[in-house]
Structure formats: C-alpha cells, structure tokens
Amino acid sequence: MKTSILSKIVKILALVSFLSITASAVQEGVDYQVLQKPLNVPKNSVVKVFSYDCQHCYKFDKSVTKKLMSKLEGVRFIPYHLSSKGKLGETASKIFASLIAIDEANGTDLLSDESKFKKAKFAIYKARHDKNDDFDNGKDKARFIKLALDAAGASQDEYEKSLASARAQELLNAWFDSYDVAIISGVPAFVVSGKYLINLDSATSIDKMAEIAKELLAK
C-alpha cells in the first residue's frame with residue numbers, strides 16, 4: 001500500500017516537473033527562428049542588428065538594449081550596423097566601425113557612457129529622429145561625420161587612421177551579413193549565439209526577452 005502511494009507521488013512530481021519545463025521552454029517558430037546562415041560570432045553573445053535611420057532601433061537603444069544585457073551576465077554584446085538602410089548608411093557604418101575599433105583598443109565597454117561608439121551613435125540618432133535632420137538628403141556627409149566625431153571626442157585623423165585599421169575593416173566586412181538578418185524581420189533584430197533570431201513580437205518585455213535569450217544561450 002505504501003509502495004503504491006509512493007509510486008503515485010513520484011509520478012505526480014515527475015508530471016509537475018515536466019509541465020513546468022514545457023511551460024518555460026522557448027519554442028522555435030514562436031519565440032525564435034534558426035538562421036539558415038549563422039553569423040560568425042562567439043556562442044556566448046547577443047548581436048543587435050540596427051540602423052541609424054531606424055527609429056525603433058533608437059528607442060530600443062534608449063530603453064531596452066543596456067537593460068537586457070545587464071540581465072545576461074558574462075554575455076558579449078555585439079552591434080552590427082546595417083549599411084543598406086538610410087542615405088548615409090555606408091558612412092554611418094564606417095563611423096561606427098572606426099569608433100568601435102578605438103573603444104576596443106581602449107578596453108571600453110560599448111554599452112558604457114564612455115564609449116565613443118555609443119556617444120556618436122546617440123548624436124546621430126538624436127539628429128535624425130529628434131530633429132528630423134536628413135543632412136541635406138544625405139548629401140552632407142562632412143557634417144554627418146563631424147557631428148559624430150565631435151560627440152565622440154575623436155579627431156578626423158583618429159577616425160581615418162582607425163578606419164584603415166584591420167579591425168575596422170574586419171567589422172565592416174562582418175556587417176554585410178546583417179542584411180540577411182534584416183530581410184527576415186527588419187530592424188532592430190537580436191541574434192543569440194550567432195544563429196537564433198529572437199521574435200520580438202513574442203518578447204513582450206525585457207524580462208521575457210532575457211528569458212528567451214538565456215534559454216537560447218544554453219542550447
């Protein structure tokens with residue numbers, strides 16, 4: 001009799017455990033999808049594909065990105081700029097790649113307020129989306145570059161020298177793959193471990209997004 005009761009208890013506990021795991025597990029096609037062409041990045045990473053010309057990317061960087069990464073301890077944040085969006089997309093990519101190379105050389109976290117990349121990115125965001133500045137329909141590259149460099153505290157010489165570096169060129173080459181991600185769901189897009197694209201419609205809060213990312217990182 002005791003053995004029978006014990007057996008039932010074990011089965012009930014096993015069922016509860018199974019239902020709990022099933023309820024929390026992320027689902028392919030609902031919470032994420034697997035990229036047919038993975039990004040060449042470390043497994044323990046989250047890539048954000050973005051464009052300076054994307055208002056939603058700006059909103060995410062203001063209120064989501066840093067908070068999300070703070071919940072993913074030890075996970076590397078990697079920005080990928082989409083050069084094909086916006087009349088100054090290619091110029092923005094060059095600016096960002098150059099400044100990221102400088103930040104990395106200085107050991108500066110890209111999410112830190114001290115990051116030259118972050119300072120330039122937000123200066124461009126604010127000009128484009130808060131002031132609706134189109135830089136003479138994309139023709140005034142010089143003013144666009146100056147705005148970014150002034151905000152970052154970098155000189156034209158520093159920018160050009162860094163842009164010519166192997167690291168900046170490596171970033172620019174890697175960012176061409178951002179187009180393959182953007183055509184799936186637009187931007188911003190968040191890719192975990194280089195191959196799992198989070199469905200932002202399913203990630204209805206920062207906590208939910210972090211939960212999805214953690215489960216994908218564990219795969």
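FYI, the numbering just counts along the sequence from 1. Fair warning: this is a prediction, and the values are worked out from it, not measured in the lab.
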Q: Could you walk me through whether Arg128 and Asp134 pass the salt bridge (charged side-chain N to carboxylate O under 4.0 Å, His left out) test, one step at a time?
A: CA-CA 6 Å; Arg128 182 72 189 96; Asp134 66 357; over 6 Å; no
Can you check whether [Y]'s main-chain N or O pairs, donor with acceptor, with [X]'s side chain at less than 3.5 Å?
X      : Y      : result
Lys116 : Leu149 : no
Lys43  : Leu217 : yes
Asp136 : Lys139 : no
Ser162 : Ser98  : yes
Trp175 : Pro79  : yes
Glu160 : Asp157 : no
Asp133 : Phe135 : yes
Asn199 : Asp201 : yes
Ser193 : Lys195 : no
His81  : Tyr52  : yes

**Q.** Option among Val192, Val26, Val30, Leu200 that satisfies the side chain to side chain contact (heavy atoms under 4.5 Å, CB included) test with Ile212
**A.** Val26
[Y] side chain reached by [X] side chain, heavy atoms, under 4.5 Å:
X      : Y      : value
Phe190 : Leu197 : no
Asp113 : Lys118 : yes
Lys119 : Glu114 : yes

Count the heavy atoms of every other residue, nucleotide or ligand shown that sit under 6.0 Å from [atom1] of [X], and state whether that count exceeds 12.
X     : atom1 : answer
Lys62 : NZ    : yes
Lys66 : NZ    : yes
Asn40 : CG    : no

**Q.** Ion pair Glu158/Lys161, N-O distance below 4.0 Å
**A.** no
Q: May I ask you to establish whether Lys121 and Phe50 are in a cation-pi arrangement, using a distance under 6.0 Å from NZ or CZ to the six-membered ring centre and at most 45° from the ring axis?
A: yes
Q. Which pair of non-hydrogen atoms, one from Leu82 and one from Ser93, has the smallest distance, and what is that distance?
A. C-OG, 4.4 Å
(Q) Once ring pair (Phe, Tyr, Trp, His ring centres under 6.0 Å) is applied, what residue pairs with a partner in residues 191-219 remain, sequence neighbours excluded? (A) Tyr32-Tyr196
Q. For Asp130 and Tyr125, does a side-chain donor sit closer than 3.5 Å to a side-chain acceptor?
A. no
